[in-house]
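First the structure, in the form of structure tokens, and then the observations on it.
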Amino acid sequence: MFTDKRDHYKKIGKLEAGMILLYVLPPIGITWLMLIGLFQLYRVIRGRKPLDVTVTVVFFLSLFISTVIASIQLHNLTYLMSVLFILGYLGFYLYVKQHGTIQLFRNWLWINIGGGLYIALLGWIQVLFHIGCSTDGIVGLVTGTRLFGYDQLDRLFGSTYNPNFASFLLLYAVALLLVVWLYKIHQKKRKINLLFIGCLVVLSTAIIETGSRTGFAAMVMLYLFFFFRLRLKLRFLGLIGFLTCTPLFMEWLPRSGSLGESMSDRKLIWETSLNIWREHPVFGVTPNGFQDMYKELIGQYVAHPHNIFLYFFVNFGTVGGMAFLLLVVVLLYRLLLTLTASRTHKEFLDVFLFLIPVTLLTGLFDFPMFSPQTALVAVGLIGYWEYYSRMCSFGYSTWRQKEETKMKNIGRDN
């Protein structure tokens, strides 16, 4: 499945190149992928590409409309800067969904695993040797080693600018690696178990070193879910080991001593965010507007409401918040529908079973997708989910024929 040579696509396309740069040289990777998205949107507007109106398209258009109207209502046109990102994300989603193939999906999977390992190894160098951590300078900005939103160098962040962003991308790498390992176990390929275990140890310890408590909780959930997806005998042994380690979880929980203070800070942020929403309930205040209003009310800078649901309701009003809720409901419904349907072409289902809940869980006490670096990975996941869930309804011959046609079309486009 994950190494099917029949569909091997040797040429590294522009999507894969952008994804690699997203981890190694984040600003260049972000710009690269956003330009892909904006150009795709331009082709759709010009009528050269069809627009399939999905709940995700409605979601992004709702954010677009809310941002434009809120910027006008607040008499601050600089808030329209968010429109560029929204349109870029929409176009990137359309590009991934339209150009999706099984091989490109595999490439996306392995690039995210490799990117997670890169963040972990670079982060360990930062933590152990206190090098590669730049608080200023062009090198730190281009390589992602410039720290933003946190003024201490005691937490791992690799090439992501912030420990919480690193935790999010590391969780994606752990989830994807567990999915691949799960497949290898079901295929009874046991010779590479030590390699998987070693990579998981590197990634898991890196998540702990980011200091993200939400990331740690999501990681524990991933391993628990992994054991439940094993065959009965291995599931039983895995759960015994998991339950044995349960008393140690509080000891391993990062920054457990400041948990109470952190929750107090979150409570203040959430209450203030709700007050802002009450003042602007319909179209919100835009992401930049939230930062200005929060500083005006509390006297300190806060980047976002630290909750995924509050983020969309406060920044994009009830219009954007309800669109997000609709997106979540439809995603989860189709995920459950695919899970309970026939087993035809469900070999990639575990990718979404692992990643979609993790994406939502990490947003309960934070919003790591605030960064375009992490948001583009999540948008790519939604794009591939749209592609995959539609393919599940086809028979094998139709699936294979559609894949071959897409590969030929991509070859002509390039």
Side-chain angles (χ1 to χ4, degrees), residues 1-3 23 106-128 155-160 163-231 233-246 248-249 251-254 348-359 361-362 368 374 377 381:
M1 175 185 72
F2 295 103
T3 56
Y23 285 96
R106 290 193 189 99
N107 293 345
W108 180 87
L109 183 151
W110 285 110
I111 289 171
N112 281 299
I113 292 175
L117 289 170
Y118 172 76
I119 291 172
L121 294 175
L122 179 61
W124 275 113
I125 294 174
Q126 293 168 339
V127 171
L128 294 177
R155 296 172 61 185
L156 182 148
F157 65 96
S159 59
T160 66
N164 293 327
F165 303 158
S167 174
F168 181 84
L169 294 176
L170 289 167
L171 281 170
Y172 264 53
V174 168
L176 293 172
L177 197 58
L178 286 174
V179 169
V180 178
W181 192 20
L182 191 64
Y183 172 77
K184 300 295 183 182
I185 291 174
H186 289 165
Q187 295 295 313
K188 298 182 179 180
K189 298 179 180 180
R190 301 177 180 176
K191 294 182 179 180
I192 56 175
N193 281 353
L194 288 177
L195 176 62
F196 279 98
I197 292 172
C199 291
L200 286 169
V201 168
V202 172
L203 292 170
S204 300
T205 52
I207 290 174
I208 295 174
E209 286 299 320
T210 63
S212 172
R213 290 177 286 258
T214 305
F216 178 79
M219 180 182 69
V220 171
M221 185 200 74
L222 279 175
Y223 280 108
L224 183 61
F225 198 34
F226 170 76
F227 294 135
F228 273 108
R229 297 293 289 172
L230 291 172
R231 290 193 175 95
K233 183 179 178 181
L234 292 174
R235 182 189 308 169
F236 180 73
L237 294 175
L239 287 174
I240 290 177
F242 182 86
L243 293 173
T244 302
C245 294
T246 300
L248 299 174
F249 289 156
E251 295 183 16
W252 295 340
L253 181 67
F348 283 95
L349 179 59
D350 280 326
V351 172
F352 305 103
L353 285 175
F354 277 59
L355 285 182
I356 291 177
V358 162
T359 303
L361 179 60
T362 54
T374 54
V377 175
L381 174 70

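Fair warning: this is a prediction, and the values are worked out from it, not measured in the lab.
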Note to self: Donor-acceptor check, side chain of Gln126 to backbone of Gly158, threshold 3.5 angstrom: yes or no?
What the structure shows: yes
Next item on the list: To the nearest 0.5 angstrom, please state how far the CG atom of Leu222 sits from the CD1 atom of Ile207.
Entry: 7.5 Å
Margin query: I'd like to know if the side chain of Thr205 and the backbone of Val201 have a donor-acceptor N/O pair within less than 3.5 Å.
Written below: yes
Note to self: Could you tell me if the side chain of Met219 sits less than 4.5 Å from the side chain of Leu203, heavy atoms only?
What the structure shows: no
Notebook entry, point to check: Under the side-chain contact (heavy atoms from CB on, under 4.5 Å) criterion, do Val180 and Tyr183 qualify, and how do the steps go?
Noted result: CA-CA 5 Å; Val180 178; Tyr183 172 77; 5.6 Å; no
Next item on the list: Could you tell me which non-hydrogen atom of Ser212 sits nearest to which non-hydrogen atom of Arg155, and how far apart they are?
Entry: N-NH2, 3.9 Å
Next item on the list: Could you walk me through whether Thr210 and Asn164 pass the side-chain contact (heavy atoms from CB on, under 4.5 Å) test, one step at a time?
Entry: CA-CA 7 Å; Thr210 63; Asn164 293 327; over 6 Å; no
Item checked: Gap separating the CG atom of Leu117 from the CG atom of Leu170, nearest 0.5 angstrom -> 9.0 Å
Checklist line | Closest non-hydrogen atom pair between Leu109 and Leu176, with its separation | finding: O-CD1, 3.7 Å
Next item on the list: State the CG-OG1 distance between Leu361 and Thr214, to the nearest 0.5 angstrom.
Entry: 7.0 Å
Notebook entry, point to check: Under 4.5 Å between any side-chain heavy atoms of Val174 and Val358, yes or no?
Noted result: no
Next item on the list: Enter the distance from Phe216:CZ to Ser204:OG here, rounded to the nearest 0.5 Å.
Entry: 9.5 Å
Check: Is the shortest heavy-atom distance from the side chain of Ile113 to the side chain of Trp110 under 4.5 Å?
Finding: yes
Note to self: Testing the basics here: between Leu156 and Ala120, what is the closest heavy-atom pair and its distance to 0.1 Å?
What the structure shows: CD1-O, 3.9 Å
Notebook entry, point to check: Which one of Phe354, Tyr223, Phe226 satisfies the ring-ring contact (aromatic ring centres under 6.0 Å, His included) criterion with Trp181?
Noted result: Phe226
Checklist line | Value rounded to 0.5 Å, distance of OH in Tyr172 from OG1 in Thr374 | finding: 9.0 Å
Checklist line | Separation between CG of Leu171 and CG of Leu355, rounded to the nearest 0.5 Å | finding: 9.5 Å
Notebook entry, point to check: Between the side chain of Ser159 and the main-chain N/O of Tyr23, is any donor-acceptor distance below 3.5 Å?
Noted result: yes
